[in-house]
Protein chains: 2
Amino acid sequence: MLTIGYLAKKTGTKVQTIRYYEQVGLMPEPGRTDGGQRRYGDAELDRLSFIRHARQLGFSLDAIRELLDLSDHPARSCEEADAIARRQLKQVEQRVARLEVLRLELERMIEECSGGRAADCRVLEVLRDHSECLTDHEGIGA
Amino acid sequence: MLTIGYLAKKTGTKVQTIRYYEQVGLMPEPGRTDGGQRRYGDAELDRLSFIRHARQLGFSLDAIRELLDLSDHPARSCEEADAIARRQLKQVEQRVARLEVLRLELERMIEECSGGRAADCRVLEVLRDHSECLTDHEGIGA
DNA sequence: CTAAAACCTCGACCTACTGGAGGTTCAACC
DNA sequence: GGTTGAACCTCCAGTAGGTCGAGGTTTTAG
């Protein structure tokens with residue numbers, strides 16, 4: 001019989017987070033001691049590991065719910081799990097692409113910093129200079 | 001005199017978000033019409049553009065507060081703005097690196113999907129298989 | 001038996017918004 | 001001057017995914 005603290009350490013999760021997962025229905029309500037403390041079995045440890053691993057891969061709790069549901073009904077098609085993973089991959093690719101653009105802009109910004117006073121700071125200037133950005137939203141009077 | 005809706009369209013911000021920025025002190029309390037509607041000047045449009053641009057670059061509202069503060073006191077050193085930007089860059093780089101790992105793992109996972117039943121699904125299996133992950137947190141009995 | 005570590009519940013807080021209800025004001029048109 | 005409809009107002013609640021703390025109980029080792 002495993003305590004909540006043991007699960008927490010084993011999976012790198014905070015105790016409160018495990019209770020939160022229980023609250024939102026990702027983890028089952030476990031058995032309790034006479035004193036009311038939660039006691040888990042190995043199945044719950046596995047389930048929590050699954051959740052944490054999926055979270056680390058960026059899956060939302062809703063997506064994880066779907067995956068766990070699939071996992072609980074092994075007769076269903078693998079295609080659903082595949083689709084969820086592909087959706088996730090697409091999102092990750094988009095995030096990487098956006099961050100790459102950011103990185104370049106930040107690097108350029110920093111490189112141009114003269115080290116002088118804030119009044120001449122390129123970082124602030126770039127942020128202030130929105131001439132390029134505004135064109136994206138310009139739908140007024142055009 | 002500019003309306004809140006005009007600022008919203010010009011900067012691609014929702015009206016509510018502008019009011020939220022005012023609430024949390026990022027935007028100043030503007031003048032009002034006799035009827036109580038907000039009216040802005042060009043300075044506020046610039047300030048909002050600055051905020052949105054910085055948000056798009058991933059800066060937190062707290063970081064933007066610092067930057068605006070610097071911007072409001074141009075005699076202070078540029079180094080502070082530079083430091084904030086560098087901090088931001090580091091975070092972006094870390095996020096990119098982590099996402100790259102994720103992307104590879106997701107791709108591998110999907111590639112191995114047999115297209116069979118969920119019981120044999122590699123996606124679920126990979127998520128379930130935590131043997132590698134656990135070693136990261138293993139501080140019990142080791 | 002005692003002390004401390006781990007556990008319990010409940011509720012508030014975090015970021016950065018977003019949405020809606022229910023009501024008022026503005027600007028244009030006739 | 002009246003009317004209409006878009007845009008505005010305030011206030012409240014909710015989102016994701018937790019995290020923290022207060023105040024109290026249980027478990028376990030010595």
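It should be emphasised that the depicted structure is a prediction, and the values quoted were computed from it without experimental measurement. Protein chains get the first letters and strands the later ones, always in sequence-line order, with residue 1 at the start of each.
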Could you go through residues 30-40 of chain B and list every donor-acceptor pair under 3.5 Å that involves a side-chain atom there, pairing it with any protein atom two or more places apart or in another chain?
residue, atom, partner, partner atom, Å
B/Arg32, NH1, B/Gly36, O, 2.8
B/Thr33, OG1, B/Gly35, N, 3.3
B/Thr33, OG1, B/Gly36, N, 3.2
B/Thr33, OG1, B/Gln37, N, 3.0
B/Arg38, NE, B/Glu22, OE1, 2.8

Exercise for the section: Please confirm whether the backbone N or O of A/Thr13 pairs with a side-chain atom of A/Thr17, one donor and one acceptor, at under 3.5 Å? Expected result: no
Exercise for the section: Evaluate the side-chain proximity of B/Asp62 to B/Glu66: yes if any heavy-atom separation is below 4.5 Å, no if none is. Expected result: no
Problem - For atom CD of B/Gln56 and atom C1' of C/dA16, their distance in whole Å - result: 14 Å
Problem - Close approaches to DNA chain D from residues 31-41 of chain B, in residue order (heavy atom, under 4.0 Å) - result: B/Arg32, B/Gly36, B/Gln37, B/Arg38
Problem - A/Val15 or B/Tyr21, whichever maps to the more 5' nucleotide of DNA chain C - result: A/Val15
Practice task
Take atom CD1 of A/Ile18 and atom P of C/dT9, then tell me their distance rounded to the nearest Å.
Solution key: 13 Å
Problem - Residue-level proximity of residues 84-93 of chain B to DNA chain C when a heavy atom falls under 4.0 Å - result: none
Practice task
Quickly work out the A/Leu7 CG to C/dA6 P distance and round it to whole Å.
Solution key: 15 Å
Practice task
Determine, stepwise, if the pair A/Arg103 / A/Glu100 fulfils salt bridge (Lys or Arg N to Asp or Glu O under 4.0 Å).
Solution key: CA-CA 5 Å; A/Arg103 195 173 60 74; A/Glu100 273 300 332; 2.9 Å; yes
Exercise for the section: Report the distance from atom CD1 of A/Ile4 to atom P of C/dA6, rounded to the nearest whole Å. Expected result: 13 Å
Practice task
Please assess A/Leu68 against A/Arg47 for the test side chain to side chain contact (heavy atoms under 4.5 Å, CB included), listing each intermediate value before the final yes or no.
Solution key: CA-CA 8 Å; A/Leu68 282 167; A/Arg47 191 179 180 94; 3.7 Å; yes
Exercise for the section: For the pair B/Arg86 and B/Asp82, find out whether any cationic side-chain nitrogen is under 4.0 Å from an anionic carboxylate oxygen. Expected result: yes
Exercise for the section: Find the distance A/Glu22:CD to C/dC8:C1' and express it as a whole number of Å. Expected result: 12 Å
Practice task
Give one of base, sugar-phosphate or nothing for A/Arg19, where a contact means two heavy atoms less than 4.0 Å apart.
Solution key: base
Handout entry: Heavy-atom donor-acceptor pair, B/Arg55 side chain to B/Phe59 backbone, under 3.5 Å
Key = yes
Handout entry: B/Glu93 bridged to B/Lys90 by N-O distance under 4.0 Å
Key = no
Exercise for the section: Quick one: do A/Leu26 and A/Phe50 satisfy side chain to side chain contact (heavy atoms under 4.5 Å, CB included)? Show the steps, please. Expected result: CA-CA 11 Å; A/Leu26 276 180; A/Phe50 183 103; over 6 Å; no
Practice task
Answer yes or no: is there a side-chain heavy-atom contact under 4.5 Å between B/Leu45 and B/Lys10?
Solution key: yes
Exercise for the section: Answer with base, sugar-phosphate or nothing: what part of the nucleic acid does B/Arg52 contact at a heavy-atom distance below 4.0 Å? Expected result: sugar-phosphate
Fill in the blank from the handout: For B/Gln16, the side-chain hydrogen bond (donor to acceptor under 3.5 Å, both in side chains) test, sequence neighbours excluded, returns none
Practice task
Could you grab the distance from atom NZ of A/Lys14 to atom NZ of A/Lys9, nearest 0.5 Å is fine?
Solution key: 13.0 Å
Practice task
Can you run through DNA chain C from 5' to 3' and write each base as (, ), [, ], | or . depending on how it pairs? Watson-Crick or G-U wobble, both distances under 3.5 Å.
Solution key: ||||||||||||||||||||||||||||||
Problem - Contact boundaries on DNA chain D for chain A, cut-off under 4.0 Å to non-hydrogen atoms - result: D/dG17 to D/dT27
Exercise for the section: Establish, with yes or no, whether the OP1 or OP2 oxygen of C/dG19 is under 4.0 angstrom from a side-chain nitrogen or oxygen of B/Lys14. Expected result: yes
Fill in the blank from the handout: Taken to the nearest whole Å, CD/A/Gln23 to C1'/C/dC10 is 10 Å
Exercise for the section: Flag the pair A/Thr11 / A/Ile51 as yes when at least one side-chain heavy-atom distance between them is below 4.5 Å, and no otherwise. Expected result: no
Problem - A/Gln91 side chain to A/Gln88 backbone, donor-acceptor under 3.5 Å - result: no
Exercise for the section: Could you tell me the separation between the OH atom of A/Tyr20 and the P atom of C/dC8, rounded to a whole number of Å? Expected result: 18 Å
